[in-house]
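Just so we're on the same page: letters track the sequence lines, and every chain starts at 1.
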Protein chains: 4
Amino acid sequence: MSEKTRPLRTDARRNRERVLSAAEAVLAREGSAASMRAVAEAAGVGLGTIYRHFPTREALFAAVMSTRMLQLAELSGELSEAADAGAAFFEFFTAVVDNAGRMRAVADALADAGVDVKTDSSDVSGAAAALRTALGTLLERARQHGRLRPDLHLPEALALLAAMCLAAERHQWDPAPRDRALAILFDGFRPR
Amino acid sequence: MSEKTRPLRTDARRNRERVLSAAEAVLAREGSAASMRAVAEAAGVGLGTIYRHFPTREALFAAVMSTRMLQLAELSGELSEAADAGAAFFEFFTAVVDNAGRMRAVADALADAGVDVKTDSSDVSGAAAALRTALGTLLERARQHGRLRPDLHLPEALALLAAMCLAAERHQWDPAPRDRALAILFDGFRPR
Amino acid sequence: MSEKTRPLRTDARRNRERVLSAAEAVLAREGSAASMRAVAEAAGVGLGTIYRHFPTREALFAAVMSTRMLQLAELSGELSEAADAGAAFFEFFTAVVDNAGRMRAVADALADAGVDVKTDSSDVSGAAAALRTALGTLLERARQHGRLRPDLHLPEALALLAAMCLAAERHQWDPAPRDRALAILFDGFRPR
Amino acid sequence: MSEKTRPLRTDARRNRERVLSAAEAVLAREGSAASMRAVAEAAGVGLGTIYRHFPTREALFAAVMSTRMLQLAELSGELSEAADAGAAFFEFFTAVVDNAGRMRAVADALADAGVDVKTDSSDVSGAAAALRTALGTLLERARQHGRLRPDLHLPEALALLAAMCLAAERHQWDPAPRDRALAILFDGFRPR
DNA sequence: TATGAATGAGACTTCATTCAT
DNA sequence: GATGAATGAAGTCTCATTCAT
C-alpha cells in the first residue's frame with residue numbers, strides 16, 4: 001500500500017505518461033487483446049521502455065484503469081457539495097458510464113469493483129475502492145435528501161453502474177440511446 | 001434386431017453435444033479467450049473431434065451462442081400467451097439475464113443483438129434476430145396491457161437487457177443481488 | 001488367416017481401381033501434398049476403404065506410380081519390334097515424358113528410378129526396374145542400328161529422361177515447347 | 001561453447017544470414033516440406049527469430065531462392081565478357097545446374113522462371129527475371145558467335161536448364177554423371 | 001535509460017491413421 | 001467389407017517477456 005515512488009526524471013515521467021495514454025487508446029481501439037507491441041508503437045517508444053515502467057502487461061492495463069478510476073473519483077469530490085444532491089448523483093453516474101463508453105476494458109475493472117477485486121494490484125483495488133466510496137457518498141447524500149428510493153443501496157447501485165458501463169463500452173453507445181436507457185433506469189432509482 | 005442399434009451417428013451427435021456444453025462451461029469459466037484445448041479436455045474428446053464438428057474456433061463459439069439464444073427464443077413462445085402480459089415480459093427478461101449469468105460471452109452476442117450483428121455467422125445473426133423479435137413481441141403486448149411505460153421501446157429495452165446480461169455474466173451474480181438490481185430496473189420500466 | 005493374396009471380390013477389386021485412378025487424378029491436380037481425404041472423396045469411397053487396400057499413404061502413391069510405370073514398360077514391348085529402331089527409342093522417350101507431364105509426382109518416381117530406389121516398396125522398385133530395362137532395350141537396339149551416338153549409355157539416358165519428366169510435370173509443358181526441347185536433346189543423342 | 005559472441009545490431013544481420021543459410025541447408029536435406037522448426041534448430045536460433053526476419057514460411061524460402069538466383073545472375077556478369085562466348089554460355093549453364101544440385105527447391109523456382117512467375121514475391125520474380133536475362137544475354141552472344149544452333153531460343157534453353165536443375169537436385173547428381181548428361185545436351189545445342 | 005532482437009510457450013488448425021459401428 | 005468419427009502429433013505463427021547493446 002505504501003508504494004512510495006521516488007521522483008522520476010522528467011523524461012522518464014513523460015514516457016510513463018505517453019505509455020499510459022497510448023495504452024488507453026489502444027485498449028479502446030483493439031479491446032482487451034491489445035498487444036504490448038501495439039502499445040509501444042502507439043506510444044512511440046520501445047518495448048523495453050514499457051517494461052521499465054510497468055513490470056507486466058497486466059500491471060500496465062491495471063494502471064490504465066486505476067488512473068481512469070481515480071479521475072472519476074476526483075470528479076465526485078466536486079459533486080459532493082453540489083446544491084442538488086439528486087442531480088449530483090445522477091450526473092456522476094452518467095459521467096462514469098460516459099467514460100466507460102470511451103474506454104473498452106475499463107468497464108471490466110468497474111465490474112470488478114462491484115464484487116471482489118480479483119486483481120492483486122493494490123493500485124486497482126485502491127482506485128476501485130475510491131470509486132466505490134465516491135458513489136456511496138453521493139448515493140447516501142441523495143437518498144437523505146429524498147431523491148432516491150430508500151431501499152437503494154450501494155451494492156445494487158454499483159452493480160447497475162457496472163452493467164451500464166459494460167454495455168456502453170461494448171455498444172459504443174451514442175449519447176442519445178445511452179440517455180434514454182439511463183432515464184429509464186433513473187426512474188427506477190427514484191422514490192415512488 | 002430389436003435391440004437398439006448404436007450407430008456411430010448417434011455417438012457423433014452425442015459428442016457434438018458434449019463439445020457444445022463443454023464449450024459453454026469453459027467459456028463461462030475462462031472467458032472468451034478460452035482455448036480449444038481447454039474445451040477438448042472439458043469435453044473429454046480429442047482436439048480433432050472438435051474440428052470435425054465445428055470448422056473453426058469462431059464457429060464453435062458461435063454455435064454455443066446461437067444454441068443458447070434459440071433456447072431463450074423458444075421460452076418466449078410459451079410466455080407470449082401467458083395471462084399476465086406484464087409478468088411474462090419481466091419473467092422473460094429475468095430468464096435471459098439469468099441465462100447470461102451462466103455463460104460469459106453469450107452476453108457479448110446479446111449485446112450485438114441490440115445493435116447490428118457483426119458476426120457473419122448467419123446462425124448467430126438468425127438467433128439474435130429471433131431473440132430480438134421475441135423480446136419485441138412480449139414488450140409490445142405488455143405495453144398494450146398497460147404494464148409498461150408507453151415510451152419504452154425495443155432499442156432501450158434491448159440495450160438494458162444487454163447491460164444486465166453483461167454484468168450478470170461478469171459478476172457471476174447470485175440470485176439475490178440480481179433480483180434486487182432487476183427490481184429497481186423494472187420499476188423504471190413501469191408506468192408512473 | 002492365410003496371408004496369401006487371394007482374388008478379391010469383384011466389388012473390392014473395383015474399389016481398388018477407383019481408388020487408384022482417383023489418387024492419380026488428385027495427385028495430378030494437387031501435387032504430392034494431396035491428402036488422403038481428397039483421394040477418398042474423388043474416389044467416392046470412405047477413408048477406411050483406402051486403407052483396406054493400401055496400408056499407408058505412401059503405399060497408395062507408390063502403387064499409383066508403379067501402375068503407371070508398368071503401363072509405360074508395356075508400351076516398350078510393342079515398340080521393341082518396330083521397324084525403325086531409332087524412331088522407336090525416340091517415341092518411347094517422348095511417351096514417357098508426355099506421361100509425366102500428365103501426372104505430378106510420377107516424375108519423382110521416375111527420377112528415383114535413375115539412381116537408387118529409395119522407396120522400400122518392391123512394387124515401385126520392380127516397376128522402375130522394368131522401365132529401366134525397357135529403355136535400355138530400346139536404347140541398345142537403336143544404337144546398334146547406328147541411330148544413337150555410340151557413347152550414349154543407359155545411365156545418362158535415364159538421367160536425361162528423368163530431367164525432362166520433372167520439367168514436363170512441373171511446367172505443365174504444352175506439346176509445342178516440349179517438342180522443341182526434345183528435338184534439341186535428341187540431336188544431342190544422335191551420332192555426329 | 002568457448003566464447004559467446006555478443007549480440008550487436010550487427011548480430012541481427014548475422015542472425016539473418018544464419019537463418020538463410022540454415023534454411024538453404026535444410027531445404028537441401030529435407031526438401032520443400034522442411035519445417036520452420038528444423039530451420040531454427042539448424043540455425044541455432046529460436047523459432048521467433050526466424051519470424052522476426054521473415055514474416056512467413058513462404059517468405060523465408062523465397063528469400064533463399066532469390067538470394068541464390070541473384071548470386072548466379074552476378075556470375076553471368078563476369079562471363080558476359082569472356083573471350084569465348086560459347087564456353088561462357090556452357091559454363092554458366094553448368095554453374096547453374098551445379099548450384100541447383102546443392103539445393104532442392106531452388107530448382108523449383110528456376111522452373112518457374114521458365115514460364116510465368118507464380119510467386120507474388122517480387123524478390124523472387126525479380127531474381128528470376130535477372131536470371132532469365134542473364135541466360136538470354138549469354139545465349140544471344142554465343143549464338144551470334146556461331147557457337148549455338150541458330151534455332152535455339154531462350155524459352156527452350158530455360159526449359160532445358162530447369163529440367164537439368166530439377167534432375168540434378170533430385171538425384172544429388174555427382175559431377176561425373178552430370179557432366180556426361182550435360183555433354184550430350186550441349187551437343188544438341190551446337191550447330192550441326 | 002531506451003531500444004528492439006531474441007526467445008519459446010502456447011494457440012489454432014490439418015491430416016494420416018485407427019477402430020467402433 | 002465399408003464407413004467416417006475420433007485421435008493426437010506436428011506444423012505455422014503470435015506475443016509477453018528478457019537482456020545485450
- prompt: Starting at the 5' end of DNA chain F and moving along, which residue's nearest nucleotide shows up first, C/Gly44 or B/Val45?
  reply: C/Gly44
Identify each atom pair where a protein N or O and an N or O of nucleotides 13-16 of chain F are less than 3.5 Å apart, giving names and distance.
unit_1	atom_1	unit_2	atom_2	d
F/dC13	OP2	D/Tyr51	OH	2.9
F/dC13	OP2	D/Arg57	N	2.8
F/dA16	OP1	A/Arg57	NH1	2.9
F/dA16	OP2	A/Met36	N	2.8

- prompt: How long is the line joining CG of D/Leu60 and P of F/dG11, in whole Å?
  reply: 15 Å
Under the side chain to side chain contact (heavy atoms under 4.5 Å, CB included) test, residues paired with D/Arg52 that sit two or more places apart: A/Arg37
- request: Starting at atom CZ of D/Arg52, determine the distance to atom P of F/dA20, rounded to an integer number of angstrom.
  value: 16 Å
query: Atom CZ of B/Arg16 and atom P of F/dG4: how far apart are they, to the nearest Å?
result: 18 Å
task: Round to a whole Å and report the spacing from CZ of B/Phe54 to P of E/dC12.
output: 15 Å
field: Side-chain heavy-atom pair D/Leu60, D/Arg57 within 4.5 angstrom cut-off
entry: no
field: Qualifying residues under side chain to side chain contact (heavy atoms under 4.5 Å, CB included), relative to B/Ala25, sequence neighbours excluded
entry: none
- request: On DNA chain E, check which nucleotide each of A/Gly46 and D/Ile50 is closest to and give me the residue with the more 5' one.
  value: A/Gly46
Side-chain N,O (D/Asn15) to OP1/OP2 (E/dA6) below 4.0 Å: yes
task: Starting at atom CD of C/Glu41, determine the distance to atom P of F/dT3, rounded to an integer number of angstrom.
output: 13 Å
statement: Contacts of C/Ser21 meeting side chain to side chain contact (heavy atoms under 4.5 Å, CB included) (sequence neighbours excluded), chain-then-number -> none
task: Give DNA chain E the dot-bracket treatment, 5' to 3': Watson-Crick (N1-N3 with N6-O4 or O6-N4) or G-U (N1-O2, O6-N3) under 3.5 Å, [ ] crossing, | other strand.
output: .||||||||||||||||||||
message: Given 3.5 Å as the limit, does a donor-acceptor pair link the side chain of A/Ser35 with the main chain of A/Ala38, or not?
response: yes
statement: C/Ala23 and C/Phe61 have their tightest heavy-atom pair at CB-CE2, 4.5 Å
query: Can you check salt bridge (charged side-chain N to carboxylate O under 4.0 Å, His left out) on D/Asp11 and D/Arg14, steps first, answer last?
result: CA-CA 5 Å; D/Asp11 194 69; D/Arg14 219 192 49 188; 3.3 Å; yes
query: Within the pair A/Thr49 and E/dT3, is there a side-chain N or O less than 4.0 Å away from OP1 or OP2?
result: yes
Length of the line joining A/Asp11:CG and E/dT3:P, which is rounded to integer Å: 10 Å
- line: Heavy-atom nearest pair, A/Ala127 first then A/Met69, reads CB-CB, 3.9 Å
field: Short side-chain to backbone donor-acceptor contact, B/Thr56 and B/Glu58, under 3.5 Å
entry: no
task: Please check the phosphate of E/dT1 (OP1 and OP2 only) for any side-chain N or O of A/His53 closer than 4.0 Å.
output: no
message: I need the CZ-C1' distance between C/Arg13 and F/dA2, as an integer number of Å.
response: 18 Å
